[in-house]
Amino acid sequence: GENVEQHPSTLSVQEGDSAVIKCTYSDSASNYFPWYKQELGKGPQLIIDIRSNVGEKKDQRIAVTLNKTAKHFSLHITETQPEDSAVYFCAYSSGNGNQFYFGTGTSLTVIP
Amino acid sequence: GAVVSQHPSRVICKSGTSVKIECRSLDFQATTMFWYRQFPKQSLMLMATSNEGSKATYEQGVEKDKFLINHASLTLSTLTVTSAHPEDSSFYICSAAPGGYNNEQFFGPGTRLTVL
């Protein structure tokens, strides 16, 4: 299965607050879960990723958590800044080669 | 490291003409390259997967004779939109995968195609 549910589709937060985006997948063979940030008119940029043998990974203000039992993974952005405003996509790889399955995207707006 | 370029960044063409888009991995060898298209406010839709030296694998519903993909080297893949029509107008994005266990993909900056 290639289904990836991503929520919410839009998210507005005040500068300094936290933002959380969640994705749910169906393929239990999934082993790689990247998150991408896409600014208007640009290609997706990898911001953080996690593999199935790890439950959480953090990089400064960004963290990703993975719950393999529930088949969901989440992106956490703390102390949000206006430049965090963009569309964020989750993705996963099923392990059958490198093919990615993408979520539907979340448009994040950080209000100054 | 892991930089992927695309050329051109934007192109406007007349209906019926063909357009070629190049995707290059600048500082690594890509065993696999992917081509996506993205409509406004939508997610990326995989069009095809190409491995160096072999024929591309197209996703269901993608016409292989219309979207010609060539992956002649480990650093270059091209997508040619043949006999373009206005409905082909879209944002085309490539990605390149170094291969191996990591499963990572690195994306190009995209090409905005407008067919008049």
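Per chain, numbering begins at 1; letters A, B, ... match sequence-line order. All heavy atoms count here, side chains included; hydrogens, waters and symmetry mates do not.
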| request: Indicate whether any N or O donor in one side chain lies under 3.5 Å from an N or O acceptor in the other, for B:Thr32 and B:Asn51. | output: yes
| So A:Phe102 and A:Phe89, would you call those rings parallel, tilted or perpendicular, with 30° and 60° as cut-offs? | perpendicular
| task | Please work out whether the ring planes of B:Phe107 and A:Tyr36 are parallel, tilted or perpendicular, with thresholds of 30° and 60°. | result | perpendicular
| Quick one: what part of A:Gln38 sits under 4.5 Å from any heavy atom of chain B, side chain, backbone, both or neither? | side chain
| field | More than 12 heavy atoms of other groups within 6.0 Å of A:Leu40 CG | value | no
| field | Structural part of B:Gln38 lying under 4.5 Å from a heavy atom of chain A | value | side chain
| request: Could you state whether B:Phe106 and B:Ile69 fall into the same hydrophobic cluster, counting links through intermediate Ile, Leu, Val, Met, Phe, Trp or Tyr residues with side-chain heavy atoms under 4.5 angstrom apart? | output: no
| Based on non-hydrogen pairs under 4.5 Å, which of A:Ser107, A:Gly41, A:Ser9 is most in contact with chain B? | A:Gly41
| note | Comparing A:Pro44, A:Gly103, A:Gly105 against chain B, the one with the most heavy-atom pairs below 4.5 Å turns out to be A:Pro44
| query | In terms of heavy-atom pairs under 4.5 Å, which option from B:Val4, B:Ile93, B:Leu44 contacts chain A the most? | reply | B:Leu44
